[in-house]
Amino acid sequence: MYLDKAERVEFYHSKEWTDLRQQALARDNYECQWCKDEGRVSSGVLEVDHIKDLEHYPEYALDLDNLRTLCKDHHNQRHNRMKYSSKKHRKPPKWDDERWD
Ligand SMILES: [Zn+2]
């Protein structure tokens, strides 16, 4: 099974997901699980992550055991959505869709 982007967007707007998302947040005491592992208290926006990603494992989409609370930073890190690394001294891209890697 595979969910394309439009199907995933639809999923994230479903009542089933918004309900389950609240359950996952409550179960995790509204704490980022990775910050907690590092002994820090998470700050900022919390998101609920699919451990088995939604795109490739939609059968686990509504499985509470497949969900974990992550802060926005950790969630971005997990999905490699970080902005380009500050270690690389590159000029900023001229075009929005230009990729460096
Ligand atoms: Zn975190």
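Positions are given from 1, in the same order as the sequence printed here. Order of appearance sets the numbers: ligands from 1, and atoms from 1 within every ligand. Quick note: numbers below take in every heavy atom, side chains included, and nothing from hydrogens, waters or symmetry partners.
Clustering of Ile, Leu, Val, Met, Phe, Trp and Tyr by side-chain heavy atoms under 4.5 Å joins Tyr12 with Leu3, Phe11, Trp17, Leu20, Leu25, Tyr30, Leu46, Val48, Leu54, Leu62, Leu64, Leu67.
Listed by first and then second residue, the side chain to side chain donor-acceptor pair (under 3.5 Å) pairs that reach into residues 60-72 are Asp28-Thr69, Glu47-Lys72, Asp49-Arg68, sequence neighbours excluded.
Nearest heavy-atom pair across Cys32 and Ser42 is N-OG, 3.0 Å.
Counting non-hydrogen atoms of other residues, nucleotides and ligands closer than 6.0 Å to CD of Glu10 gives a total of 12 or fewer.
Trp34 is listed as a side-chain neighbour of Arg78, based on a closest heavy-atom distance under 4.5 Å.
Under the salt bridge (Lys or Arg N to Asp or Glu O under 4.0 Å) criterion, Lys15 pairs with Asp19, sequence neighbours left out.
Taking a cut-off of 2.8 Å, the protein N, O or S atoms nearer than that to the Zn ion (ligand 1) are Cys32 SG, Cys35 SG, Cys71 SG, His74 ND1.
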